[in-house]
Amino acid sequence: MFTSPQNSTMAILIREAEGSPPFADERFCRTLCVESSKYGLRTIVIPILAEYTGGTLLRAYTYHQKEWKAIRMPMIDLVMNRCLNPLSRNTRQQLERYLPHTSSLRQRSWSSALPGKWEVHRALSKSTTLRGLLAPTTRVRSTIPWEIWLARWPKGLFFKPASGTHGKNTFRLSIGGLPFSWIVEGRNRSNEHYVKLFHQATDVSSWLESHQAVQNMIVQPYLELSHHGRAFDIRALVQKNGQGRWTLTGCMIREGAEGSLTSNLHGGGNAYPADAYLTKRYGKDKASSLLQQIKHAAALIPPTLESRFGRLAELGLDFGADVAGRLWLIEVNSKPGRTSFAESDDKRMHALTYTQPLAYARYLLQQHVLADVLRPMKMPNSSSKAGLKRIPIPGSKGPVMPACHGAQGSFSG
């Protein structure tokens, strides 16, 4: 165990929220605060206002003796930004006052953040191996040729914000049961379900254009990714470990509520271990094959994105499997949640979802490898076998297979 003096402070930036403590994702923050001393770190939490209104922004909290306490802002060695929205210029400037002299926030960031879904799709589509996992994707412009798209993809069109999470503001456009009718079904910004019926094509166009005017969106063909009428996906969590190498921490199923278009747990869904769920859906052999494909993709996606967007620390990879058992990559999230892993029978895997970030933070500070987090990283030599170990995918009881970090060779960062 790492036992050097606790002289490094990591700050978690998190969205401010009403209540006590005054920030979101309390369980995540509390767990990192409690466990950080084992890694020679002190972790504090800084709530960030959704909209800057002037004045001093920064307040710090720490978890001590089973309660949250407000503290004076200390000097900060490393910053983990969990805010979904970009930080304001004023917030960045105030944070940099508490960083080591001559350091910038970009140099002291635990991880960079991915841009919108369209940019991530384009980066991944440059890989011939990963391209086959991607659904056809189009960026929605001011004029939307939805009738042409619907003729090409008659099962429906799935629209989602170019930047967004939790299934909010997503919807499906499909052909209705009556002639010259169309149905829109989705979730609004409050994650509430709605259904709209249109009888005029012009009304559909106007409604779509009003959405695009408010928020940039992408559109894909609607994929039937469901089991017994419930949408589901496979969340694979990949994280850097204490040696700076990518590892596959685990896989869990997220199943949406009955009638929901999406599988996100914020919409009322449930989580299940991946192996048993996929075996029940597809049989043992197909389930094993799907997990093997996920393992392979999980080894390729992180370095591909780092070579374009800079150093990353963890990624939530959301996969779907259609009725024929074809695997699709739905989305990549650089600030993934951990709710589904709390339902795992594998307590070690659940613990790793919290301790790997601390181990990687210690690695960054000990190895003095901090640099501009947005600087693109070189792709590793994928042919290297260095560090290859045979371990099962966490969350699966399938055949023994190599861990993700094996495909990374001696890559670190």
Side-chain angles (χ1 to χ4, degrees), residues 1-14 21 23-47 60-82 98-100 108-111 237-250 252 311-316 334-370 373 387 389 391 394-395 403-405 408 412-413:
M1 181 182 296
F2 183 69
T3 58
S4 66
Q6 297 179 31
N7 55 4
S8 297
T9 297
M10 180 171 72
I12 303 174
L13 309 185
I14 201 79
F23 48 82
D25 212 354
E26 188 272 345
R27 180 178 183 176
F28 173 80
C29 296
R30 170 166 40 88
T31 304
L32 263 64
C33 285
V34 170
E35 297 293 325
S36 61
S37 62
K38 300 176 184 177
Y39 296 85
L41 298 168
R42 177 197 188 196
T43 298
I44 64 170
V45 180
I46 303 177
Y61 293 83
T62 189
Y63 193 77
H64 182 64
Q65 294 182 345
K66 298 185 178 181
E67 65 177 347
W68 288 103
K69 295 182 179 180
I71 60 172
R72 293 182 60 182
M73 278 290 296
M75 295 301 294
I76 300 169
D77 298 288
L78 197 62
V79 177
M80 176 189 290
N81 182 7
R82 294 283 298 176
Y98 297 94
L99 299 179
R108 289 284 167 170
S109 289
W110 178 75
S111 174
L237 181 63
V238 288
Q239 299 175 295
K240 281 184 178 172
N241 63 15
Q243 290 76 48
R245 294 185 175 185
W246 284 105
T247 60
L248 176 57
T249 299
M252 289 293 290
R311 176 165 50 80
L312 297 161
E314 63 179 3
L315 294 169
S334 58
K335 299 176 182 179
R338 289 152 172 76
T339 306
S340 60
F341 290 89
E343 303 301 320
S344 171
D345 295 330
D346 188 339
K347 301 306 178 186
R348 180 179 178 275
M349 178 181 73
H350 183 217
L352 282 173
T353 67
Y354 294 99
T355 58
Q356 291 278 56
L358 294 170
Y360 181 56
R362 181 184 64 183
Y363 164 81
L364 289 174
L365 293 167
Q366 280 188 329
Q367 302 300 317
H368 305 289
V369 294
L370 288 170
V373 74
K389 297 180 180 179
I391 63 172
C404 283
H405 70 265
Q408 307 308 311
S412 64

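The closest side-chain heavy-atom distance from Leu365 to Met10 is not below 4.5 Å. Side-chain atoms of Ile46 and Met73, non-hydrogen and from C-beta on, do get closer than 4.5 Å to each other. With a 4.5 Å cut-off on side-chain heavy atoms, Trp246 and Leu312 count as touching. Within the 4.5 Å cutoff, side-chain heavy atoms of Arg82 are placed close to those of Asp25.
Rounded to the nearest 0.5 Å, atoms CG (Asp77) and CG (Leu41) are 8.5 Å apart. Annotation: the span from Lys347 atom NZ to Asp345 atom CG amounts to 6.5 Å, rounded to 0.5 Å. Taken to the nearest 0.5 Å, the CG atom of Leu237 stands 8.0 Å off from the CG atom of Leu248. One distance of note links OG of Ser8 with CD of Gln366; it measures 8.5 Å at 0.5 Å rounding. Considering CD of Glu67 and NZ of Lys69, their distance stands at 5.0 Å, rounded to 0.5 Å. Remark: Gln243 CD to Gln367 CD distance equals 9.5 Å, nearest 0.5 Å.
When all heavy atoms of Pro21 and Glu26 are compared, the closest pair comes out as CG-CG, 3.7 Å. Nearest heavy atoms, Gln239 versus Leu352: OE1-O, 3.4 Å. Pairing each heavy atom of Pro74 with each of Ala60, the nearest pair is CD-CB, 4.4 Å. Closest approach of Ala342 and His350 over heavy atoms only: CA-NE2, 3.6 Å. Ser334 and Leu315 make their closest contact through CA-CD2, 3.8 Å (heavy atoms, listed as atom of the first residue, atom of the second, distance).
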Residue pair Val45, Cys33: steps toward the side-chain contact (heavy atoms from CB on, under 4.5 Å) verdict: CA-CA 8 Å; Val45 180; Cys33 285; 4.2 Å; yes
Intermediate values then yes/no, side-chain contact (heavy atoms from CB on, under 4.5 Å), Met252 and Thr353: CA-CA 12 Å; Met252 289 293 290; Thr353 67; over 6 Å; no
Apply side-chain contact (heavy atoms from CB on, under 4.5 Å) to the pair Ile12 and Phe23, showing each step before the final yes or no. CA-CA 11 Å; Ile12 303 174; Phe23 48 82; over 6 Å; no
Applying side-chain contact (heavy atoms from CB on, under 4.5 Å), run through Met80 and Thr43 and close with a yes or a no. CA-CA 10 Å; Met80 176 189 290; Thr43 298; over 6 Å; no
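By the side chain to side chain contact (heavy atoms under 4.5 Å, CB included) test, Thr62 is found to be paired with Ile71, residues two or more places apart in sequence or in another chain being considered. For the side chain to side chain contact (heavy atoms under 4.5 Å, CB included) test, residues two or more places apart in sequence or in another chain that qualify with Ala313 are Trp110, Ser111, Tyr360. Among residues two or more places apart in sequence or in another chain, the ring-ring contact (aromatic ring centres under 6.0 Å, His included) test is passed with Tyr63 by Trp68. When the side chain to side chain contact (heavy atoms under 4.5 Å, CB included) test is applied to Ala351, no partner is found at least two apart in sequence or on another chain. For Thr31, the side chain to side chain contact (heavy atoms under 4.5 Å, CB included) partners at least two apart in sequence or on another chain are Arg27, Glu35, Tyr354.
Between the side chain of Arg42 and the main chain of Thr9, no donor-acceptor pair closer than 3.5 Å is present.
For residues 334-343, the pairs satisfying salt bridge (charged side-chain N to carboxylate O under 4.0 Å, His left out) are Glu314-Arg338, with sequence neighbours left out.
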